[in-house]
Structures are given as C-alpha cells and as structure tokens.
Colleague: 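Here's a structure for you.
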Number of protein chains: 2
Amino acid sequence: MNTNKRVTLHDVARRAKVSYQTVSRVINDSPHVSKTTRQRVAQAIKDLNYQPNQAARSLVTRRSHLLEVVTFGSHHYGPSQTVIHVEQAARRLGYNLIVTHIVGMTLQAIRGAIDTLSGRLVDGMILIMPVRGVEYEELVSLCNGIPFVMIDSQLSSITPSVVIHQTYGSQLATQHLIDLGHRDICEISGPLEWFAAVERHTSWQATLEAAGITPGKSVEGDWTARGGYDAAHRLLNEGAVFSGLVVGNDQMALGAMRALREHGLRIPDDVSVVGFDDIPEAECFEPPLTTVQQDFDAIGTQSVEYLVNLIRDPAETAYQRVLYPSLVVRQSTAPSAKRQV
Amino acid sequence: MNTNKRVTLHDVARRAKVSYQTVSRVINDSPHVSKTTRQRVAQAIKDLNYQPNQAARSLVTRRSHLLEVVTFGSHHYGPSQTVIHVEQAARRLGYNLIVTHIVGMTLQAIRGAIDTLSGRLVDGMILIMPVRGVEYEELVSLCNGIPFVMIDSQLSSITPSVVIHQTYGSQLATQHLIDLGHRDICEISGPLEWFAAVERHTSWQATLEAAGITPGKSVEGDWTARGGYDAAHRLLNEGAVFSGLVVGNDQMALGAMRALREHGLRIPDDVSVVGFDDIPEAECFEPPLTTVQQDFDAIGTQSVEYLVNLIRDPAETAYQRVLYPSLVVRQSTAPSAKRQV
DNA sequence: AATGAAATTGTGAGCGTTCACATGATATTA
DNA sequence: TAATATCATGTGAACGCTCACAATTTCATT
C-alpha cells in the first residue's frame, strides 16, 4: 500500500476511468461534474488514499493556503496565547500556519523571517510587533506585496492591525483604585520599548491627573515575576509611600506582592494591587489578583479574519480594529484605609 | 520595482547572460560554477531581488524544507515552551515550521492534522503526544512514510521519541521530602490520561514504598492553579494528614498552597510542597517553590536534530532519547517538624 | 601542435497541478 | 425531427524549477 511513488491525479483518473481534469474538478468542488462521476471519482480518491500535491497546486495558482505569523516576545503570555488562537482560526478558514519566533526586534531579524517565506508564496502574514523598532513603511517594503496584519502595534496608527485599547485598560485599573479612595498610587510598568507598556504608563498618569491626583513614582520592570519583585523593592527602597499599585502584568504583580510582603505590607489592607492580562493563575495568587483582562482569543481570531479579507481583496482600506479590555475585580484591591479615617 | 510578475530563474539568467541552469547552480551552491559567473549571477539575483519559488522547487525535489509540529495541550507550559524551541532549532537547520494545535487527543483529530499536511510534502513531523489515546502503529500508518519523532510520549517504549525521565524526576521530588524527614506524604497528580502524570504518580508511590513508607492519599488535578486549589481542598476535607505534598506541576502547586493556607497550614512549617516544571514564576511564589526542573529547550532542540537525521537516513533505527530533570530547592520545603521531636 | 581530460555551461524533459479552450453528450425549443 | 442551448468531459499548454545528459571551453600533457 505504501508504495514509493506518490499517487497522482492521473492514477485516480485511470482508476475512475475519467480524465485527470475531471478529477481536478472533483477535488476543487467544481459544479460541472455529474453526480455519478463525482461519486466514482470520490471512491477512487478514497481507495488510493490520494492527497493533492500542494506544491504543484500552488505553482500554478500562486496560492499556498499558507499563512505566516512572525512573533516577538513569544515567551510572554500574551503573544504565545495569541499565536495559538491565530493558528486555530487559520485552520478553520482553510489555512496552515508557519510560525517564526524572532528574538531581537531588529529590521534584520524581521527581514530574515519574512524573506525566507516570501519564496514559499505565503498568502499573508500576521506580525506580532509589540515593541518599537521597525516602521510600518519598512514592513510594507519587506512584505513585497504580501498582505499582512499587525498585532499589538501602536494604538491609533492607521495601519492594518488589531490592537487592544491599552489606554482604556490602564484607565480602568487606575480609576478602580481611585474609586476605592486611594490617592497615593505608584506604578510598575513594563519595559518601555513595548507599546503596551508606554500606553498603560501614560494612561495611568493621565487618569490620575484627570482626577486631580499627583502620580506617584513609576519604575520599569521586565514583565517577569522576578522583575516585578525587583521593581517593587526598588520602589520601596526609594522611600515611595503608596496604598495603590498598578502593575504592568500579572507575573510582575506576583513578584511585586512578594516584595511588598517582605516589607511588611499586607495586601490589600496596606496596598491594593492591580495587574494586567488575567493569566489563569491570577485567581490563585495570594491574594487573588484584581486585573485587566485581555481577550487573546479575539485578537488572534479577528486578525486572521481581517487578513483573509485582505487576501481576497487587497484593495480593502487599511484600518485598525480596537478591542476593549475589562476589569476583573478580586481580592488584591480594597477600599483605602485612609478613606475611612 | 514591485512588478506584478514574479522574478524567475529565467529573468535572472537573461540579466546575467547565462543559462537558467547556471543560475540554478548558483542558488544551490553547486561547485561547478566559475568564480566570475557566480559573482555575476549573484549580482543579478540581488538586483532583481530574486527569491526561488519553493513550490516549483519542491515539486521536483519532493522536499519542502517544511516540518510540522502537532501539539496537544498547547495551553500548558511544557508543550508551549517546547514548540518555541522546536521552531528555533528547525530554523537553525534550514526548515520552517508549521504548527497545528489539536484539542482532543483522538485519532480523528490527529488524522486531520496530519492528512492536511501530507499533501504539503512536509519533510518530517514532530508529534507532542503527552496523553494516551493513539497507538504508535496508528501514527506510523497515518504518517504514510513521513518520518516523525514523538515528544512526551510513554517512557521506555521503543519508538522514535524524546522524553523526560518522569520517574526519575518524581523520585527526586519524593526522596527530597523523605530526606527532610517527612513520613506523611500526599500527592496531587496531573490528569491520569497524561503519561507524565501516571509516571510521576507511580514513581511517587514506588519511592515511598522503597523507603518503607506507606503512601498517603493521592488526588487528581487538571494542571491548572484552580485545579490544584480544588484538589488540595478535597485532600484536606477527606481528613488527610500530611507534612509533605508532591504536586504534579507548578501551577497546581500555586493553587494547592493557597488552599493549604486557607486551612491554616503554613508552608513550609506545617507542610512542605514540591512542584514540577520550574516555571519562571515559581521563584516568586509564596514561598518560592521547590520544584523539578525540565529542560524544554533541550527537548525541542534534540527532537528536531533527531528528526533531521531521520529525514536524511530513514533507515536509522528508532530509539528513545531520555532527558533527566533536576531538582531546584527553594523555600517551600523544610525539615519535618516531627523529626526534631 | 595535437590530443585528451577536466572543468564549465547549455539543452530537453518532466515534476503534478490548474487554466483556457475544444469537443462530446444531453436536454430544450421551434 | 432538426437546430440550438446547456451541461459534462477531454486536450494542450503552462507554472518555475531540478535532473540527466550533451555541448562547449579551458588547460595540461604527449
């Protein structure tokens, strides 16, 4: 059965006693095939376990039904979750997904990731570009006409992209603390080369100022628990006094809470903490973490749908899909003690 | 520059004033090209920004330089980390990677994942099959001659695979608790359809018995923090008394520790806890978690290297590469209080 | 200078499909 | 029943490349 030679269109045709073209019609669901021959051919395909040769196919159609996702920061929760959902959405729409992880956000790294595949005739690309480093125009010229959609790029730039409204998310988090009566609110931000980190930071500041509150100190973390731990220590060692803390993501919040406890601060009694992402573990933190939830499933799914539209109609005008996060309140935040005084 | 028509071998040939075959030789690093013509052709390739058409290439060579990884349980730390390293190793060796996530471990799901791609002429596959459900023989027939390597499959089966010696890992964890003087040791295992969960469970039991200790209760979790939380509650509600707890992974350990605290138990004073995986957050748990570290980078890298060998020489005899985990001791484990009495 | 071997370059065919068109079969209408 | 429209099926060419082999050039050797 497992002969060396691959089964081709012609083998199927011979067995079904039709021309190869008719077989081609059957596998492409052409309407111009009678019911009986269609059945006969289907049977032959099944008998021979025939699989159309995609290489031959895409050689003539110039379509590969292959998408590529280039992702930076794949060790982080957001990007890795997004990739999973991108793949699943792609497969639902009949595409397979090539994944490329880049480590440095340099033009060279991206060029490498894209160039290799342009020869593969990928039909489209999804670029998870959460940090600054490469301009949109550079990407356009790199992609060489292949449609692409960006994820996690800068908010409110007119590029084909799907993003989360980080400004809104950070506002939710900060306003939540304000509403609880907190007035001394510090921040541990993500690395400021990340768009999301800057947007959250800026919005934290703006929300406080809009409420007439002077922003507390802000220190920069690296998204990891250890980084959050170190950042919180830095904050406290610098003598910062605060009852509210907005942390750039849940992992850093975990580390920060540990550092706070080491300084004898109780959560939420002494300090209320808010994170970002709502990773599955957040509900089991000590205490369970109030956090800003992001829908990575929606990002992945919508970016693929957008991309597929772009493939079908490349002339479609570029726009940015904006998704809104939501606040999940748990036990790491509580009314300010001062308020009750 | 971005003309509609793609640049072909012939375009380059015309520009370099050589035959198309010579261009082919240059891009395939054939030695039979003089230095001067090679340069001339290289220049033309650069000028025209030529990219060889992979579809045409693989149509004739029957090689795609494409690998596929089929992964189950991609939302979990181990599989997702592994995939990242598989991709990076593959790219280093000149292959691109198609990723397919399957949700149910059924023959049908795997058949779907494999069949779609066999038409793509993938050169090889890596199957992350951490749970029972599909037999090796079935995979062999599904793969239809395409070489494949399994990851996380059953220990000591003679199949081409790369696995972690879970039995050894669990022994490390359990023996560590025994060495600390603990005699009442319970377990929260992973879902028992996972090979790793069964192996760790069996080895936990065996290690205790070898030390002349009657194993405590064992309850089954679902790898999530919430699952560990629930499992620990179940354990305690059933009246289990223990000073040592082996937990199937770090996330469940997080939840379990939370549940233990809710029952007034301090860690490590009252109960010592050991996890598995050493996720980056483990060092910032409350307290920092003692855990069994697994080298997912090595798994990914070695499985790709193995696969590439198999592609070059399909006759190579199948064997199982076994990697050994190591114990990382942190503050969630301490000498048994009883011992000192 | 003639010969041959080695290096370099060129030519024809085919990989397995789809596309555009040509042909054949069947149903519809006058 | 003959003519036409409609549907079903078949044929030749092309997609862009590599393979096997043929032709040409180069250069050392007799």
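So that the names make sense, note that chain A is the first sequence line, chain B the second, and so on, each numbered from 1. Atoms considered below: every heavy atom in the structure, side chains included; atoms not considered: hydrogens, waters and symmetry mates.
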Colleague: Please state whether the phosphate of C:dC15, meaning OP1 or OP2, lies under 4.0 angstrom from any side-chain nitrogen or oxygen of B:Thr61.
Modeller: no
Colleague: Verify the contact: side-chain N or O of A:Ser58 to OP1 or OP2 of C:dT17, cut-off strictly under 4.0 Å; return yes or no.
Modeller: no
Colleague: If the cut-off is 4.0 Å, is B:Tyr20 near the phosphate of C:dG12, judged by side-chain N/O to OP1 or OP2?
Modeller: no
Colleague: Which comes earlier along DNA chain C counting from the 5' end, the contact point of A:Gln51 or that of B:Val33, where each point is its nearest nucleotide?
Modeller: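 Closer to the 5' end of DNA chain C: B:Val33.
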Colleague: Just by distance, do the side chain of B:Arg40 and the backbone of B:Ala16 share a donor-acceptor pair under 3.5 Å?
Modeller: yes
Colleague: For the side chain of B:Gln21, counting heavy atoms from C-beta on, which of D:dC19, C:dC15, C:dT18 is nearest?
Modeller: D:dC19
Colleague: If you check the A:Leu9 side chain, which of C:dT17, C:dT11, D:dG16 turns out closest?
Modeller: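 Of the candidates, C:dT17 comes closest.
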Colleague: Side chain of A:Ser19, heavy atoms from C-beta onward: which of C:dG16, D:dG10, D:dT18 has the nearest atom to it?
Modeller: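 So the nucleotide nearest the side chain must be D:dG10.
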Colleague: Looking only at side-chain N and O atoms, does A:Thr8 come under 4.0 Å of OP1 or OP2 in C:dG16?
Modeller: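 So the side chain of A:Thr8 is outside the cut-off, no N or O lying under 4.0 Å from OP1 or OP2 of C:dG16.
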Colleague: Does a side-chain N or O from B:Asn53 land closer than 4.0 Å to OP1 or OP2 of D:dC15, or not?
Modeller: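 So the side-chain polar atoms of B:Asn53 never come under 4.0 Å of the phosphate oxygens OP1 or OP2 of D:dC15.
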Colleague: Are any side-chain N or O atoms of A:Ser64 and backbone N or O atoms of A:Leu121, one a donor and one an acceptor, separated by less than 3.5 Å?
Modeller: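 Here the side-chain-to-backbone pair exists.
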Colleague: Quick one: B:Arg38 CZ to C:dT8 P, roughly how many Å, whole number?
Modeller: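 In whole Å, C:dT8 P and B:Arg38 CZ are 9 Å from each other.
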Colleague: Rounded to the nearest Å, what distance is computed from the NE2 atom of residue A:His32 to the P atom of nucleotide C:dT23?
Modeller: 19 Å
Colleague: Could you please name the option among C:dT18, C:dG16, C:dT11 that lies closest to any side-chain atom of A:Ile27?
Modeller: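 Looking only at heavy atoms from C-beta outward on A:Ile27, the closest nucleotide is C:dT18.
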Colleague: Can you figure out which of D:dC21, D:dC15, D:dT9 approaches the side chain of A:Arg25 most closely?
Modeller: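 Between D:dC21, D:dC15, D:dT9, the one nearest the side chain of A:Arg25 would be D:dT9.
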Colleague: Using a cut-off of strictly less than 4.0 Å, decide whether B:Ser24 has a side-chain nitrogen or oxygen near OP1 or OP2 of D:dT18.
Modeller: yes
Colleague: Using the ring of A:Phe195 (Phe, Tyr or Trp, six-membered ring only), decide whether A:Arg132 places NZ or CZ under 6.0 Å from its centre and within 45 degrees of its axis.
Modeller: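 So A:Arg132 doesn't make the cation-pi contact.
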Colleague: Tell me whether the side-chain N/O atoms of B:Ser34 come closer than 4.0 Å to OP1 or OP2 in C:dT8.
Modeller: no
Colleague: So does B:Val18 get a backbone contact from the side chain of B:Thr22, meaning a donor-acceptor N/O pair under 3.5 Å?
Modeller: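 It does not hold such a pair.
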Colleague: Taking only N and O in the side chain of A:Arg62, is any of them less than 4.0 Å away from OP1 or OP2 of D:dG16?
Modeller: yes
Colleague: What is the distance, rounded to the nearest whole Å, between atom CG of A:Leu59 and atom C1' of D:dG16?
Modeller: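 Rounded to the whole Å, the gap is 5 Å.
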Colleague: What is the ring orientation for B:His85 with A:His75, classed by angle as parallel under 30°, tilted 30 to 60°, or perpendicular over 60°?
Modeller: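 Correct class here is tilted.
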